[in-house]
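Below you'll find the structure, written out as structure tokens, and then a few comments.
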There are 2 protein chains.
Amino acid sequence: MKIADLEMTNPKLTESKFTHNRRDGASSMDAGNTMNENENAMLESSSESITIRAYGRLKQDIISGKLIPSQKLKIENLRRVYDAGSSPIREALSLLTSDHLVERIDQRGFRVAPVSEDEFAELLKTRIWLESIAVQQSILLGSEAWEEQVVLANYRLSRMPRFIAEDNTVANPSWETAHKHFHMTLIAECGSSIMLRFCNQLYDQNIRYRQLSAKKAYPERDIAEEHNAICDAVLARDSQKAVDLLVCHYQNTGDFVLKQLPK
Amino acid sequence: MKIADLEMTNPKLTESKFTHNRRDGASSMDAGNTMNENENAMLESSSESITIRAYGRLKQDIISGKLIPSQKLKIENLRRVYDAGSSPIREALSLLTSDHLVERIDQRGFRVAPVSEDEFAELLKTRIWLESIAVQQSILLGSEAWEEQVVLANYRLSRMPRFIAEDNTVANPSWETAHKHFHMTLIAECGSSIMLRFCNQLYDQNIRYRQLSAKKAYPERDIAEEHNAICDAVLARDSQKAVDLLVCHYQNTGDFVLKQLPK
DNA sequence: AATCAAAAAAATATCTAGATAATTGATAAC
DNA sequence: GTTATCAATTATCTAGATATTTTTTTGATT
């Protein structure tokens with residue numbers, strides 16, 4: 001058979017039906033989502049494949065730290081836990097490989113991506129490089145509608161309690177979602193969806209580190225105030241200031257996480 | 001079963017046995033490789049899984065343009081062409097998703113990632129952003145050994161004929177490999193393997209566009225001279241000049257490819 | 001006849017269960 | 001100790017079953 005014969009029907013696909021790497025109907029901002037199975041089922045009924053269901057659950061469990069870094073992911077066990085056959089499980093793990101949350105070693109299976117201080121340092125550094133460019137570009141190119149989205153994202157974040165428990169030990173998942181949304185909005189109009197993909201991926205990897213670092217004793221910094229300052233600089237289209245504040249924001253959080261990281 | 005039970009043996013994995021997302025024993029610089037099955041078999045014997053074999057071949061066929069952008073990839077046909085069952089094929093396609101060479105739509109299968117002028121423009125822009133930072137960092141941090149690697153990579157590239165045929169119509173695959181190696185070496189010591197991963201991915205995506213653009217009428221520019229100039233600036237640790245030359249190099253090639261892209 | 005919607009049929013993607021192959025760990029021989 | 005061999009575990013693969021999407025057919029309506 002010739003390669004040209006691979007596609008024997010439908011030589012033209014309607015462009016509107018496809019977008020890049022959709023894994024399900026949801027947006028890529030789903031990492032911090034709080035929907036449980038039932039809510040999901042109500043929204044999507046049975047339309048989601050087992051692979052995607054497993055993908056979503058595994059991703060959550062890795063980011064949240066339920067699955068320990070470097071832990072071997074044995075297909076047989078995953079099958080039982082996530083209630084699926086081995087093909088969907090393998091496929092879900094293969095997809096998670098793109099997010100660098102799972103590592104695949106040929107003939108030797110999968111494991112949760114390991115963590116290290118070095119990698120965290122790289123992560124932080126790289127995020128700062130990329131988001132600095134992206135926020136500068138957004139400030140340069142962003143529309144008025146974008147400005148409004150920034151304001152809105154910041155407002156919604158500010159109304160969200162950071163913790164659920166009184167003693168600041170249990171993070172609020174909705175805050176996580178809103179926080180990610182705020183930061184992604186800041187760079188949303190940088191003009192490169194590729195860049196946004198990278199930043200999104202780095203953000204998720206970063207959350208995992210945050211979750212892994214001590215669950216207690218969160219920083220005393222007034223994070224809401226930092227967000228307000230960034231927001232103001234962005235709205236004033238003060239590129240330099242925005243970058244400085246953003247870098248500082250990330251550096252502070254990063255230093256804190258690094259200190260708390262189980263050695 | 002509890003999640004903690006997932007890993008019941010091997011609580012500690014020897015770190016040396018794992019590195020991030022290895023898909024096979026080869027380096028990630030394999031995109032332009034010219035090894036055929038037999039050569040590969042000689043090097044690796046039968047140790048490569050069917051999945052990885054299919055992954056490598058599919059990747060080559062997509063980058064080289066044999067598989068047309070937006071083409072639907074039907075499992076049944078791929079099974080016949082690449083001589084494998086559906087599970088390995090699906091897994092290979094899922095892995096290719098990370099490289100953004102294949103697109104997955106839940107319940108609707110896979111297709112070759114589409115191309116567009118817009119995406120190419122984004123690709124070029126993003127590469128320039130990322131590689132500019134990376135080369136600056138390399139110049140800042142690079143060791144003497146790195147300088148030597150740059151010299152060597154440039155030398156090897158310079159000795160390589162760009163085309164196989166006399167009429168400049170057939171690109172030399174070894175040149176492609178050496179070219180990629182040169183550009184990756186320039187940024188190799190930027191201090192972030194994450195950044196290198198991104199650049200590597202963008203480079204591969206970019207090659208595909210180059211392959212897709214008209215096979216004939218390659219630019220008249222003296223590309224070897226451009227490489228020499230970049231090399232010199234890097235060795236002189238002249239960050240600004242190196243970036244300028246690199247950006248110019250990419251921009252020129254990009255403009256050419258864009259013009260040739262089948263509309 | 002042309003248009004549309006519903007239903008049926010075909011094609012295709014996805015999944016399961018069990019077979020095969022590779023790796024790992026234990027044991028034995030040196 | 002070190003290497004070779006065997007057993008157990010686990011990853012990978014195949015073949016066919018099931019579910020979903022896509023295409024075709026049918027039939028009613030204008």
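Only a predicted model underlies this, so the values are computations on that prediction, with no experimental measurement involved.
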Check the distance between [N]'s [atom2] and [X]'s [atom1] and give it to me in whole angstrom.
X       : N       : atom1 : atom2 : result
Q71(A)  : dT10(D) : CD    : P     : 13 Å
I105(A) : dT24(C) : CD1   : P     : 10 Å
Q107(A) : dT10(D) : CD    : C1'   : 11 Å
R53(A)  : dA13(C) : CZ    : C1'   : 17 Å
D106(B) : dA13(C) : CG    : C1'   : 10 Å
R79(B)  : dA15(D) : CZ    : P     : 7 Å
R104(A) : dA22(C) : CZ    : P     : 14 Å
I52(B)  : dA11(D) : CD1   : P     : 15 Å

Quiz item: With a non-hydrogen cut-off below 4.0 angstrom, is S86(A) in contact with a base, only sugar-phosphate, or nothing?
Solution: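 Base, at least one base heavy atom under 4.0 Å.
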Quiz prompt | Those residues that, when tested against E131(A), pass salt bridge (Lys or Arg N to Asp or Glu O under 4.0 Å) (two or more places apart) | solution =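 Once residues adjacent in sequence are excluded, the partners of E131(A) under the salt bridge (Lys or Arg N to Asp or Glu O under 4.0 Å) criterion are R127(A).
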Practice problem: Tell me, please, which residues at least two apart from S86(A) pass side-chain contact (heavy atoms from CB on, under 4.5 Å). | Solution: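 side-chain contact (heavy atoms from CB on, under 4.5 Å) check on S86(A) returns I75(A), R79(A).
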Exercise. Kindly say if R108(B) contacts the phosphate of dT12(C), meaning a side-chain N or O under 4.0 Å from OP1 or OP2.
Key: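 So the side-chain polar atoms of R108(B) never come under 4.0 Å of the phosphate oxygens OP1 or OP2 of dT12(C).
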Taking only the side-chain heavy atoms of [X] (C-beta and beyond), determine which of [options] contains the nearest atom.
X      : options                   : answer
K74(B) : dC13(D), dT12(C), dC15(C) : dT12(C)
T51(A) : dC13(D), dT23(C), dC15(C) : dC15(C)
I50(B) : dT21(D), dA22(C), dT14(D) : dT14(D)
K72(B) : dC13(D), dT10(D), dA13(C) : dA13(C)

Quiz item: With nearest nucleotides of DNA chain D determined for D83(B) and I75(A) from heavy-atom distances, which residue corresponds to the more 5′ nucleotide?
Solution: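 The answer here is I75(A).
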Quiz item: Starting at the 5' end of DNA chain C and moving along, which residue's nearest nucleotide shows up first, G85(A) or E76(B)?
Solution: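 Upstream on the strand: E76(B).
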Quiz item: Can N200(B) and R197(B) be counted as having a side-chain donor-acceptor contact under 3.5 angstrom?
Solution: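 The criterion, which ignores hydrogens and geometry beyond distance, is not satisfied for R197(B) and N200(B).
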Practice problem: Show your reasoning for whether side chain to side chain donor-acceptor pair (under 3.5 Å) applies to T97(A) and E103(A). | Solution: CA-CA 6 Å; T97(A) 274; E103(A) 196 176 282; over 6 Å; no
Quiz item: Donor-acceptor pair, S138(B) side chain versus I187(B) backbone, under 3.5 Å?
Solution: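 Pair found, side chain donor or acceptor close to backbone of I187(B).
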